[in-house]
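One-based numbering along the sequence shown. The structure presented is a predicted model; accordingly, all values stated were derived computationally and were not measured.
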Amino acid sequence: MDAHSKLKPTLEDYILEMETRPPDSGQVTEKDVWAQLHQKEADLLLAAELGKALLEKNEELKKNQEKLIDDYSTKVESSVG
């Protein structure tokens, strides 16, 4: 694993963060409203990061698929010719 990969959170890191967050208590105070507002902002940023990570992973998978198709086509052409 390179240094860049260690610094950049993975998709699994984001999911783990969401799963380990404590649930709401049910009682709401003014302080809780502000905390919830900050949590919603954090959730929005997390959703954006998740979306970005998914798009990057999708692009990586597309590139890998294209390379496999090219490699296979080259192999088939060389065995026929």
Checklist entry - Hey, is CD on Gln65 packed in by over 12 heavy atoms from elsewhere, all under 6.0 Å? => result no
Next on the checklist: One thing to verify: whether Lys75 and Asp71 come together as a salt bridge, which I'm taking to mean a side-chain N less than 4.0 angstrom from a carboxylate O.
Outcome noted: no
Next on the checklist: If I take atom CG from residue Leu54 and atom CD from residue Glu56, how far apart are they, to the nearest 0.5 angstrom?
Outcome noted: 9.5 Å
Item to check | Inter-residue atom distance Leu55.CG - Lys57.NZ, 0.5 Å rounding | outcome: 13.5 Å
Checklist entry - Can Gln39 and Asp43 be counted as having a side-chain donor-acceptor contact under 3.5 angstrom? => result yes
Next on the checklist: What's the separation between atom NZ in Lys63 and atom CD in Glu66, rounded to the nearest 0.5 Å?
Outcome noted: 9.0 Å
Checklist entry - Hey, what do you get for OG1 (Thr74) to CD1 (Ile69), rounding to the nearest 0.5 Å? => result 11.5 Å
